[in-house]
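Proteins get letters first, then strands, A, B, ... in listed order; numbering begins at 1 in each.
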There are 2 protein chains.
Amino acid sequence: MAPVTNARVLFSAIPKGYPIPGETTVYDTTQTIDLENVPLNGGILIKVLILSVDPYMRGRLRAPEVKSYSPPFTLGEPMAGGGIGVVLRSELAGVAAGAHVRGSLPHQQYVVAPGLTMLEVLERDPRLPWSVYIGVAGMPGETSYMGWREYSRAKQGEVAFVTAGAGPVGSMVIQIAKQDGLKVIASAGSEEKVAFMKKIGADVAFNYKTTDTRAVLEKEGPVDVYWDNVGGDTLDAAMQFASNHARFIECGQISGYNTGPQPMKNPTLIVSKSLSINGFIVGNLYPKYKAEFAAEVVPRLARGEYKFTEDVTRGLDRLGDALLAVLKGENTGKAVVVVAEE
Amino acid sequence: MAPVTNARVLFSAIPKGYPIPGETTVYDTTQTIDLENVPLNGGILIKVLILSVDPYMRGRLRAPEVKSYSPPFTLGEPMAGGGIGVVLRSELAGVAAGAHVRGSLPHQQYVVAPGLTMLEVLERDPRLPWSVYIGVAGMPGETSYMGWREYSRAKQGEVAFVTAGAGPVGSMVIQIAKQDGLKVIASAGSEEKVAFMKKIGADVAFNYKTTDTRAVLEKEGPVDVYWDNVGGDTLDAAMQFASNHARFIECGQISGYNTGPQPMKNPTLIVSKSLSINGFIVGNLYPKYKAEFAAEVVPRLARGEYKFTEDVTRGLDRLGDALLAVLKGENTGKAVVVVAEE
């Protein structure tokens, strides 16, 4: 078989604000790959099926000298992120052609991986599509479950406030908080998202673009557990209407990802309200909760006990657009890019 | 015996910035008290000996409609705070004349208290003066010990950064952190304070008014445990030079008490560095640590194993000045006002 195109999405320039498809993230079709003959050197050849698009990826589009928790992408090289692929050929013991792998994959159609350092062989529950394994059954769902278990110290009857509540992380947090017996206030940026948050059980769901967050929190709060996906002024509002001893789970602060950090206006409230504010990176919680998540959460997802939505983009050439949409909050549900069918 | 003057320090006007003696806090000698005949109605008559002057008192000089953790003082009435007195007369079972009491006392020379709701009868270790019982053996020392035990999760070899390190809280934190095997960086605002911090064991002590905090933290950090007494730009600096998973103990933010809250410039670091930030009010930790403190810390103080200094002001008429000095950081060591000798 002749070589085929191995399309990639390259990190081409450091974005100043939002990443611009065609400029900072460029779809490139100049490379080819000979699928039958490419040397594997003991590794595996993967056909990429689905890629995950997540807010944290904005942080990797940066200059290498800027330190942060996730490594920067390399200029001129493909971006990378969570994904699922199928093994086409294998020289690796224990991995057969046809197996599925999940993990960090470069944003390209075909990948030769030297081993399973960043990947795991994955079995699928027949009731769940593969895409869910990079969504609520994958990193975003793990983020919700593990962050909540570790930091919420939630008690029945308390009030939770969840931002970005229609996204994969927020929507799982809403459902877990309801299971724990909390009243849940949830916000997002469209009527469609508000409808979804109500459907999955939020007691109070509102569109922060058309409804004043402080007015809602004053009426429905005070807030005992704040799940922060957005930061900025919403974080200030949550502090203003927090109860004493409230727990703030700092999962993300997307409001500052493209514009630079936004200040917290009144940090003295941390003292006067005895707030407990915990930031976390989900990978650090894997040793404690990974097995529990697989045993508890994935089966419940398969039985339909948790609801979720996906925002599917088809074609690697549109990955840059999908990332921009996520950073602008235009997706409803977990954003995934289908690179290929099996 | 004829009635005697019962001098008081009144909360006379809400300060805009620093409290101004003679204006916002007024020494008043218009009241008298008949010590032999004043009716006790089953309570006790207390002669106030020593009053504590602490930064948190600034927060009580506010309008009643502003909510905060400690109740506001009442305009036209005496201020109040931690203090020690001797019982002159008693109609209360179990409390004899001559007993000493500690607790919340109004800022006046003589007090009729209906009971022991806000007071406790106190025994003194003969090796310690009474004043220490409102200092390192009292609320400030409890703040250091209980806050550190509850929130530091300190491990030997880690680096602590302690602000206001020459004050009663900070100086105890330095000594407890050294006991726990940490390297301690400490800051304060005068050369005299720097010398004291070195004397009590700080590995690195500096005057933040003449030495750049960021330069010190960059060289001596990163910071694993940050004890915050000051907030403001120093909090930003500590976040900038914090290690991943650093613990921030938010005890106070004096930099904003008189000027209004100062923003935290980059709260996204909470997420990217997995910071754990805990504010606390020491009273909430009493049930867990009060007995432990009395059994562990006070005997060590009496044996001279912890060092401390006091900044003694003599005369209730100078309490307003003492409070202003504390808020300006002009005291070295625990600020106390001696109202009367026994």
Please identify, among Gly260(B), Ser276(B), Ser70(B), Gly252(B), the residue contributing the most non-hydrogen atom pairs under 4.5 Å to chain A.
Ser276(B)

What are the two closest heavy atoms between Pro263(B) and Pro263(A), and how far apart are they?
CB-CB, 3.9 Å

Looking only at non-hydrogen atoms, find the nearest pair between Val271(B) and Cys251(A) and report the distance.
CG1-O, 3.4 Å

Less than 4.5 Å apart, any side-chain heavy atom of Pro261(B) and any of Lys265(A)?
no

Close side-chain approach of Ile270(A) and Met264(B), heavy atoms under 4.5 Å:
yes

Counting only non-hydrogen atoms closer than 4.5 Å, does Asn284(B) touch chain A with its backbone (N, CA, C, O), its side chain (CB onward), both, or neither?
side chain

For Ile281(B), is it the side chain, the backbone, both, or neither that has a heavy atom closer than 4.5 Å to a heavy atom of chain A?
both

Determine whether more than 12 heavy atoms belonging to other residues, nucleotides or ligands lie under 6.0 Å from atom NZ of Lys16(A).
no

In Thr268(A), Leu269(A), Asn266(A), the residue satisfying side chain to side chain contact (heavy atoms under 4.5 Å, CB included) with Gln253(B) is Thr268(A)

